[in-house]
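Residue numbering restarts at 1 for every chain, and letters A, B, ... go by the order of the sequence lines. Please read all numbers here as calculations on a predicted model, not as lab measurements.
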Amino acid sequence: MLKIYNTLARDKQEFKPIQPGQVRMYVCGMTVYDYCHLGHARVLVVFDMVARWLRNSGYALTYVRNITDIDDKIIARATQNNETIEALTARFIEAMDLDAAALGVIKPDLEPRATRHIPDMLALIKQLETNGLAYRADNGDVYYAVRGFEGYGKLSGKSLQDLRAGERVEVDSYKRDPLDFVLWKAAKPGEPSWDSPWGMGRPGWHIECSAMSEHHLGHHFDIHGGGQDLQFPHHENEIAQSEGAHHCTYVNYWMHNGFVRVDDEKMSKSLDNFFTIREVLKVYDPEVLRFFILRAHYRSPLNYSDQHLDDAKQALTRLYTSLRGMDTPSIQPDWSQPFTARFKAAMDDDFNTPEALAVLFDLAGEVNRSHDTNTAAQLKALAGTLGLLQRVPEEFLQGEAAGGGFDAEDIENLITERANAKKKRNFAEADQIRQNLLDQGIVLEDSPQGTTWRRQ
RNA sequence: GGUGCGUUAGCAAAGCGGUUAUGCUCCGGCCUGCAAAGCCGGCUAGUCCAGUUCGACUCUGGAACGCACCUCCA
């Protein structure tokens, strides 16, 4: 039985889908005005892992991850670059797709874009107006009247009173309440705009997710995910919008992944301490990055550093090494086995990937001792549910000839040369060849079956 | 100021009221011509202070420190 930590309940709860056997999940995706950073990588990988596990558990999943392709930052960046918004967003959507694919992230079933769902948003705002929860202010903006929604604050655990007491709530004279948020922004000269019952304008940030999730998943669905920083105000406002419009529960389970940190501080664009995915992938294999993300529990903070990535690389190398030379047919995990049962129990416990990976290492040790093909196949099958360990081991271990150096053919020639030296018991020469290769980051490993190599 | 979360060995990171977590690093041993990989073993874990208990890293209370949200952010 799968248990999920529900932010709404502040506790782990048994997962019960609305419709038996089916799960509908919506995850807040990217605002496409720049390259994805490691924080984005974490959301992508974490919810890819969740999606895989749900499917693995037998659920028919509909996974929606939106793309925000209109907002203040996009407009500002396009102006700054002197390019159209369409060109800018197309460029970064393509980049995002490449980054996600490199990390082994399976595409969501649907990736709706805000600009393609303006009518849905207008209909939702209209409904809120009818319900007395939206009003047009003197500046032309349409706001959500937070006072009219009783449950406001239930997700973030904040009361309106506490929020008003906060020093950082800005006073905006056009709003009836300082906590009211914008649903529709009146058009400004030179900005993209759409026609609406309230005049030309563009959507506020929060309305798009309420509108697009409703369009694809209905008024009430199972799981809504995103980064911890979206809990408030974004997700809180989504609840206010969707429940305020339809008077029914919006989402049953809210999931929030923890931050990626650098030097114990949140990695964010505003702090300018972020690393982009592609930057990191220049140095590390994408599977190492995926492994690094899954090695921590999704709700814990994840500290980024080269040392930690190196560590992750070594660990993943151990797993691949255990599968090297093994004939591992692609099979489904046999959940009745002790190791697989442990793995499943870990994953069912709020997606405890660190514990699940520990099982993988125990299994690797077992493979190393027994050289049992079936055990190796189980290891590969389990890792496969996490999107790991599916490559031919040599491909991972030998990698690409990074930055010149020896290619595979050079290495094989040198191995032959060394084998001849060894045959003549000229160990000095043999060791010299091995050292030369090691200087290039190539490690040789002798065995009764011959010599194999890998990159450090 | 308000609210929430965290503090585990050299580093990273889980579970668990009593039994080796796991990975990396480092140190022994086996194996090897020597290595590497692997195997076997080792390395002063549980921020502090009280309490509950036969027994607490694990439960309760408090303190210290750290982080996050309250503003755009995954």
Study note, to complete from the structure: To the nearest 0.5 Å, atom NE2 of His256(A) lies from atom CD of Gln231(A) at 5.0 Å
**Study point:** Approximate separation, where rounding is to 0.5 Å, of Leu414(A) CG and Ile442(A) CD1
**Key:**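 Here the rounded value is 9.5 Å.
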To the nearest angstrom, how far is [X] atom [atom1] from [N] atom [atom2]?
{"X": "Arg342(A)", "N": "A21(B)", "atom1": "CZ", "atom2": "C1'", "value": "8 Å"}
{"X": "Asp446(A)", "N": "C34(B)", "atom1": "CG", "atom2": "P", "value": "11 Å"}
{"X": "Leu363(A)", "N": "A21(B)", "atom1": "CG", "atom2": "C1'", "value": "15 Å"}
{"X": "Leu316(A)", "N": "A12(B)", "atom1": "CG", "atom2": "C1'", "value": "15 Å"}
{"X": "Leu302(A)", "N": "C11(B)", "atom1": "CG", "atom2": "C1'", "value": "14 Å"}
{"X": "His297(A)", "N": "A12(B)", "atom1": "NE2", "atom2": "P", "value": "19 Å"}
{"X": "Leu357(A)", "N": "A12(B)", "atom1": "CG", "atom2": "C1'", "value": "12 Å"}

Have [X] and [Y] got a donor and an acceptor in their side chains that come within less than 3.5 Å?
{"X": "Asn139(A)", "Y": "Asp141(A)", "answer": "yes"}
{"X": "Gln241(A)", "Y": "Asn237(A)", "answer": "no"}
{"X": "Asn413(A)", "Y": "Glu417(A)", "answer": "no"}
{"X": "Glu366(A)", "Y": "Thr375(A)", "answer": "no"}
{"X": "Gln337(A)", "Y": "Thr340(A)", "answer": "no"}

Exercise for review: Could you say whether Ala428(A) or Ser268(A) is positioned toward the 5' end of RNA chain B, judged by the nucleotide with the nearest heavy atom to each?
Suggested key: Ala428(A)
Exercise for review: Could you say whether Asn303(A) or Thr321(A) is positioned toward the 5' end of RNA chain B, judged by the nucleotide with the nearest heavy atom to each?
Suggested key: Asn303(A)
Output all residues satisfying ring-ring contact (aromatic ring centres under 6.0 Å, His included) with [X], sequence neighbours left out; order by chain, then residue number.
{"X": "His308(A)", "result": "none"}
{"X": "Tyr320(A)", "result": "Phe396(A)"}
{"X": "Phe181(A)", "result": "Tyr144(A), His206(A)"}

Exercise for review: Tell me, please, which residues at least two apart from Asp349(A) pass side chain to side chain donor-acceptor pair (under 3.5 Å).
Suggested key: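 By the side chain to side chain donor-acceptor pair (under 3.5 Å) rule, Asp349(A) matches Lys12(A).
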Point to revise | Test side chain to side chain donor-acceptor pair (under 3.5 Å) applied to Lys185(A) - qualifying residues, sequence neighbours left out | key: Asp72(A)
When the [atom1] atoms of [M] and [N] are compared, how many Å lie between them, rounded to an integer?
{"N": "U8(B)", "M": "U47(B)", "atom1": "P", "answer": "6 Å"}
{"N": "A68(B)", "M": "U60(B)", "atom1": "C1'", "answer": "26 Å"}
{"N": "G29(B)", "M": "A14(B)", "atom1": "C1'", "answer": "30 Å"}
{"N": "A21(B)", "M": "G42(B)", "atom1": "P", "answer": "11 Å"}

Practice item. Determine, answering yes or no, if Phe259(A) is stacked on A74(B) under the 5.5 Å centre rule and the 30° plane rule. Key: no
Report the nucleotide, chosen from [options], that has the shortest atom-to-atom distance to any side-chain atom of [X].
{"X": "Gln314(A)", "options": "A68(B), C70(B), U25(B)", "result": "U25(B)"}
{"X": "Leu163(A)", "options": "G33(B), A37(B), C70(B)", "result": "C70(B)"}
{"X": "Met267(A)", "options": "G33(B), A74(B), C11(B)", "result": "A74(B)"}
{"X": "Arg454(A)", "options": "C11(B), A36(B), C69(B)", "result": "A36(B)"}
{"X": "Phe427(A)", "options": "C69(B), G33(B), C24(B)", "result": "G33(B)"}
{"X": "Arg418(A)", "options": "C34(B), U22(B), C70(B)", "result": "C34(B)"}
{"X": "Arg434(A)", "options": "G33(B), A12(B), C34(B)", "result": "C34(B)"}

Check your understanding: Has the side chain of Asp71(A) got a donor or acceptor atom sitting under 3.5 Å from an opposite partner on the base of C72(B)?
Key -> no
Practice item. Kindly indicate whether the side chain of Asp264(A) and the base of G66(B) share any N or O donor-acceptor pair separated by less than 3.5 Å? Key: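 Absent.
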Check your understanding: Can any side-chain N or O of Arg299(A) pair as donor or acceptor with the backbone N or O of Gly258(A) at less than 3.5 Å?
Key -> no
Determine the interplanar angle of the [X] and [Y] rings, folded into 0 to 90°, and report it as parallel if under 30°, tilted if 30 to 60°, perpendicular if over 60°.
{"X": "Tyr253(A)", "Y": "Phe15(A)", "result": "tilted"}
{"X": "Tyr250(A)", "Y": "Phe221(A)", "result": "perpendicular"}
{"X": "Trp254(A)", "Y": "His235(A)", "result": "tilted"}

Output the residues of [range] in contact with RNA chain B, where contact means a heavy atom of the residue under 4.0 Å from an atom of the strand; sort by number or write none.
{"range": "residues 344-356 of chain A", "result": "Asn352(A), Pro354(A), Glu355(A)"}
{"range": "residues 37-53 of chain A", "result": "His37(A), Gly39(A), His40(A), Val43(A)"}
{"range": "residues 278-295 of chain A", "result": "Arg295(A)"}

Review point. Reading nucleotides 2-9 of chain B 5' to 3', which nucleotides get B (base under 4.0 Å from a protein heavy atom), which S (sugar-phosphate only), which -?
Key: BS------
Could you pull out all donor-acceptor pairs under 3.5 Å where a side-chain atom in residues 91-106 of chain A meets a protein atom, sequence neighbours excluded?
{"unit_1": "Arg91(A)", "atom_1": "NH2", "unit_2": "Glu83(A)", "atom_2": "OE2", "d": "2.7"}
{"unit_1": "Asp97(A)", "atom_1": "OD1", "unit_2": "Lys107(A)", "atom_2": "NZ", "d": "3.3"}
{"unit_1": "Asp99(A)", "atom_1": "OD1", "unit_2": "Arg278(A)", "atom_2": "NE", "d": "3.4"}
{"unit_1": "Asp99(A)", "atom_1": "OD1", "unit_2": "Arg278(A)", "atom_2": "NH2", "d": "3.2"}

**Study point:** Neighbour count above 12 (heavy atom, 6.0 Å) for Arg425(A) CZ
**Key:**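 For Arg425(A), atom CZ is not crowded (no more than 12 foreign heavy atoms under 6.0 Å).
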Point to revise | Stacked cation flag Arg65(A) on Phe47(A), 6.0 angstrom / 45 deg | key: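 Judged by the rule (NZ or CZ under 6.0 Å from the ring centre, within 45° of its axis), Arg65(A) is not positioned above Phe47(A).
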Close N/O contacts between protein and nucleotides 39-41 of chain B (under 3.5 Å):
{"unit_1": "C39(B)", "atom_1": "OP1", "unit_2": "Asn368(A)", "atom_2": "ND2", "d": "3.2"}
{"unit_1": "C39(B)", "atom_1": "OP2", "unit_2": "Arg318(A)", "atom_2": "NH1", "d": "3.3"}
{"unit_1": "C40(B)", "atom_1": "OP1", "unit_2": "Arg369(A)", "atom_2": "NH1", "d": "2.9"}

Review point. Which part of the nucleic acid, if any, lies within contact of Ser300(A), taking any heavy atom under 4.0 Å across all strands shown: a base, the sugar-phosphate backbone alone, or nothing?
Key: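 Since only primed, P, OP1 and OP2 atoms lie under 4.0 Å of Ser300(A), the category is sugar-phosphate.
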Practice item. Give Leu444(A) one of three labels, base, sugar-phosphate or nothing, depending on what nucleic acid heavy atoms sit under 4.0 Å from its own. Key: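 The answer is base, as Leu444(A) lies within the cut-off (heavy atoms under 4.0 Å) of a base atom.
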Check your understanding: If we only count heavy atoms from C-beta on, is the Met255(A) to Val46(A) side-chain gap below 4.5 Å?
Key -> no
Practice item. Please list every stem that involves RNA chain B, where a stem is a run of 3 or more consecutive Watson-Crick or G-U wobble pairs with both pairing distances under 3.5 Å. Key: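 Stem list for RNA chain B: B:1-7 with B:64-70, B:10-12 with B:22-24, B:26-30 with B:38-42, B:47-51 with B:59-63.
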Check your understanding: Can Asn273(A) and Asp263(A) be said to form a side chain to side chain contact (heavy atoms under 4.5 Å, CB included), step by step?
Key -> CA-CA 9 Å; Asn273(A) 62 349; Asp263(A) 298 329; over 6 Å; no
